[in-house]
Amino acid sequence: MASKMTTKCALITGITGQDGSYLAEWLLGKGYRVHGIVRRVALEDPDHRLSRLKEIRGRLVLHAASLESYASIHRVVHEVQPDECYHLAAQSFVSYSFDDEFSTLNTNINGTHFLLSALKTLVPQCRFYFAGSSEMFGMAETVPQNEDTRFHPRSSYGISKVAGFDLTRNYREAYGMFACNGILFNHESPRRGFEFVSRKITAGVARILAGKSTELRLGNLEALRDWGHAREYVAAMWLMLQQAQPDDYVIATGQCHSVREFVELAFSHVGLDYTKFVTRDPELYRPAEVNLLQGDAGKARRLLGWTHRVELAGLIREMVDNDCRALGII
Ligand code: G4F
């Protein structure tokens with residue numbers, strides 16, 4: 001009997017992050033041999049930097065390389081000869097991209113370019129996924145945003161993602177590569193980094209409940225986002241690479257909530273009134289804000305059969321409970 005498990009080999013950049021760790025688990029579950037590109041410092045400090053991979057570390061092959069070095073990317077692609085490549089690595093914190101536009105643009109654009117170029121040279125049949133972002137829509141002209149909505153990025157991060165999107169589409173059109181763009185709206189989980197607003201809020205709630213803190217400083221509470229669960233979004237990445245034709249897809253819940261609503265839900269989950277703890281800090285406002293993101297994932301639903309299941313309230317409960325457990329208060 002033929003097994004349903006694949007013998008394919010996948011290469012993931014950004015494997016140590018939230019999405020990379022979920023994707024690695026997903027692919028291992030499907031029988032893939034999973035390789036990841038990590039920074040050398042990650043291998044030297046595994047307890048801290050590979051923490052999201054601790055359960056699966058022994059089943060992965062990790063390669064030290066830098067997205068800033070074409071030679072190192074070329075070496076890894078040559079060694080691995082992947083069937084599928086998921087390019088998730090980036091400087092992905094929008095706020096930071098205002099502090100250092102140059103390194104955000106250099107790392108994000110060159111990293112994508114180096115990888116595409118190495119794949120084209122060494123394994124042109126490899127299927128490629130690029131982690132595009134709803135930040136590409138920025139000051140969007142229409143609501144909700146879909147694959148036809150014009151891009152108007154509002155940060156160097158957003159600009160770098162538009163460039164990556166265009167590079168990916170160009171390698172598809174010019175060289176016939178199977179290259180797809182996922183335009184993912186915000187996606188969170190207990191594995192989210194603490195610098196993003198969702199985790200900052202849920203970790204802040206836990207610290208206040210534990211008596212370790214008395215306030216939570218936040219920026220713009222009126223920004224509207226379409227938040228989904230990261231575990232569900234990595235399945236969409238994989239589905240894109242299993243289709244007959246390469247294409248670009250929006251992945252979103254279609255529902256939009258303000259940062260204030262997120263805060264209110266997180267505090268009320270543990271019986272607290274957020275107005276007693278949240279302080280507005282003008283320093284945390286961005287020089288150019290993206291006010292409203294709401295995705296239309298109709299194309300992904302029709303062609304990939306993908307849909308979200310976890311709603312915002314459930315996502316927040318999971319994140320708050322996880323942060324409370326980490327502090328030993330539930
Ligand atoms: O959580 P955020 O930092 O995420 P942002 O900027 O929407 O970007 C995230 O999602 C994108 C997909 O759309 C990814 F491409 C990107 O890599 C990243 O994962 O901020 C969300 C909103 C913003 O409007 C921000 O101004 O929350 C607002 N906010 C208010 N106070 C804050 C804070 N954001 C952060 N990080 N910290 C605050 O204190």
Side-chain angles (χ1 to χ4, degrees), residues 14 17-20 22 87-99 104 107-108 111-112 130-140 144-145 149 151-165 181-189 191-205 213 215-230 233-234 236-237 250-264 266 274 277-297 312 315-316 319:
Q18 167 188 262
D19 294 5
Y22 281 124
H87 179 36
L88 314 183
Q91 190 303 95
S92 65
F93 185 32
V94 176
S95 259
Y96 178 72
S97 77
F98 289 105
D99 298 334
T104 301
T107 309
N108 291 3
T112 307
F130 174 66
S133 161
S134 54
E135 282 292 307
M136 299 188 299
F137 295 124
M139 194 148 70
Q145 296 87 42
T149 305
F151 295 146
H152 183 152
R154 298 266 285 167
S155 61
S156 59
Y157 169 79
I159 293 166
S160 75
K161 287 289 173 180
V162 172
F165 178 98
N181 286 296
I183 308 174
L184 271 54
F185 282 62
N186 298 50
H187 44 289
E188 321 295 315
S189 76
R191 298 185 192 176
R192 191 55 147 146
F194 290 95
E195 65 274 38
F196 299 97
V197 80
S198 61
R199 189 72 191 279
K200 184 174 173 183
I201 295 167
T202 62
V205 166
S213 166
E215 71 163 358
L216 176 61
R217 300 185 82 79
L218 292 171
N220 181 9
L221 298 184
E222 312 316 327
L224 295 153
R225 289 290 183 277
D226 177 333
W227 280 288
H229 197 303
Y233 284 40
V234 302
M237 299 174 186
V250 160
I251 300 298
T253 69
Q255 286 150 31
C256 185
H257 299 272
S258 65
V259 174
R260 184 186 297 283
E261 282 174 85
F262 195 113
V263 170
E264 199 169 356
Y274 81 95
F277 303 99
V278 170
T279 315
R280 304 278 284 280
D281 183 345
E283 289 287 310
L284 295 169
Y285 280 66
R286 296 174 182 179
E289 176 64 282
V290 170
N291 292 318
L292 195 174
L293 290 174
Q294 182 175 10
D296 166 9
L312 183 64
L315 171 65
I316 292 174
M319 292 177 69

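Atoms within each ligand, like the ligands themselves, are counted from 1 in listed order.
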Under 3.5 Å, N/O to N/O: give me all the pairs between ligand 1 and the protein, one per line with atom names and distance.
residue, atom, partner, partner atom, Å
ligand 1, 1 (O), Val197, N, 2.9
ligand 1, 3 (O), Arg286, NH2, 2.9
ligand 1, 6 (O), Arg286, NH1, 2.6
ligand 1, 7 (O), Asn186, ND2, 2.9
ligand 1, 7 (O), Arg225, NE, 2.8
ligand 1, 10 (O), Asn186, ND2, 3.2
ligand 1, 13 (O), Ser134, OG, 2.3
ligand 1, 13 (O), Asn186, OD1, 2.8
ligand 1, 17 (O), Ser92, O, 2.6
ligand 1, 17 (O), Tyr157, OH, 2.8
ligand 1, 19 (O), Arg192, NH1, 3.4
ligand 1, 19 (O), Arg192, NH2, 2.8
ligand 1, 20 (O), Arg286, NH2, 3.4
ligand 1, 24 (O), Arg225, NH2, 3.1
ligand 1, 24 (O), Glu289, OE1, 3.0
ligand 1, 24 (O), Glu289, OE2, 3.0
ligand 1, 26 (O), Glu289, OE2, 2.6
ligand 1, 31 (N), Gly219, N, 2.8
ligand 1, 36 (N), Glu195, O, 2.9
ligand 1, 39 (O), Lys200, NZ, 2.8

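Side-chain contact between Arg286 and Ser155 is absent, with no heavy atoms from C-beta onward closer than 4.5 Å. Between Asn186 and Ser134, some side-chain heavy-atom pair lies under the 4.5 Å cut-off.
There is no side-chain donor-acceptor pair under 3.5 Å between Gln91 and Thr107.
Both cation-pi conditions hold for Arg191 and Tyr22: the charged atom is under 6.0 angstrom from the six-membered ring centre and inside a 45 degree cone around its axis.
The aromatic rings of Phe137 and Phe151 are tilted relative to each other, their planes meeting at an angle between 30° and 60°.
Residues forming a salt bridge (charged side-chain N to carboxylate O under 4.0 Å, His left out) with Arg154 (at least two apart in sequence, or on another chain): none.
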